[in-house]
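The structure appears below as structure tokens.
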Amino acid sequence: MKPQNSSSPELSYRSAGKAAIASGIFGILAYAILMTAVMTRTTVEQTKQVFFLFRTHDVLAILQFLLMIPALIALHKLSHKQLPRMSQTTLATGIMTLSLIALFLLLIFP
């Protein structure tokens with residue numbers, strides 16, 4: 001049996017895959033909580049429970065977008081094995097976009 005070292009590309013793809021799965025789970029949970037918040041809201045004024053649900057949605061969405069970054073980096077590494085490959089500019093644009101979305105969601109917290 002051959003031990004895996006931490007620099008193995010297979011290991012980095014595995015951790016990126018786990019991050020992508022976690023991102024998807026957080027996205028589904030964020031959507032479910034958002035729908036729950038919208039459906040339980042009965043007046044224009046927000047109650048504490050509805051406000052908590054909206055904030056929980058925001059936290060889960062932030063986690064979702066941050067966990068997409070390792071998956072994006074792994075896709076970039078994987079694209080170098082085939083032609084045409086993803087450019088560094090495309091990778092930088094994707095990372096910047098995901099980071100800015102997470103930052104903007106973070107900025108709406110009081």
Would a 4.5 Å heavy-atom cut-off, applied to side chains only, mark [X] and [Y] as touching?
X	Y	value
Arg41	Phe54	yes
Leu53	His57	no
Leu60	Tyr31	no
Arg55	Ile108	yes
Ile62	Phe109	yes
Met68	Phe65	yes

Given the rule that I, L, V, M, F, W and Y join up when any side-chain heavy atoms are under 4.5 Å apart, are [X] and [Y] in one cluster?
X	Y	result
Leu63	Ile25	yes
Val38	Phe52	no
Ile21	Tyr13	no
Leu91	Leu100	no

Pair Leu98, Leu66 - check side-chain contact (heavy atoms from CB on, under 4.5 Å), show working. CA-CA 7 Å; Leu98 291 172; Leu66 290 177; over 6 Å; no
[X] side, atom [atom1]; [Y] side, atom [atom2] - distance, nearest 0.5 Å:
X	Y	atom1	atom2	result
Ser23	Lys18	OG	NZ	16.0 Å
Gln64	Leu29	CD	CG	10.0 Å
Ile101	Met96	CD1	CE	12.5 Å
Asp58	Ile33	CG	CD1	10.5 Å

Ignoring hydrogens and geometry beyond distance, is a side-chain donor-acceptor pair present between Thr90 and Thr93 at under 3.5 Å? no
At their closest point, which heavy atom of [X] faces which heavy atom of [Y], and how far apart are they?
X	Y	answer
Ile69	Ser99	CD1-OG, 3.7 Å
Ala61	Ala30	N-CB, 4.2 Å
Leu72	Ile95	CD2-N, 3.5 Å
Phe51	Gln46	CD1-OE1, 3.2 Å

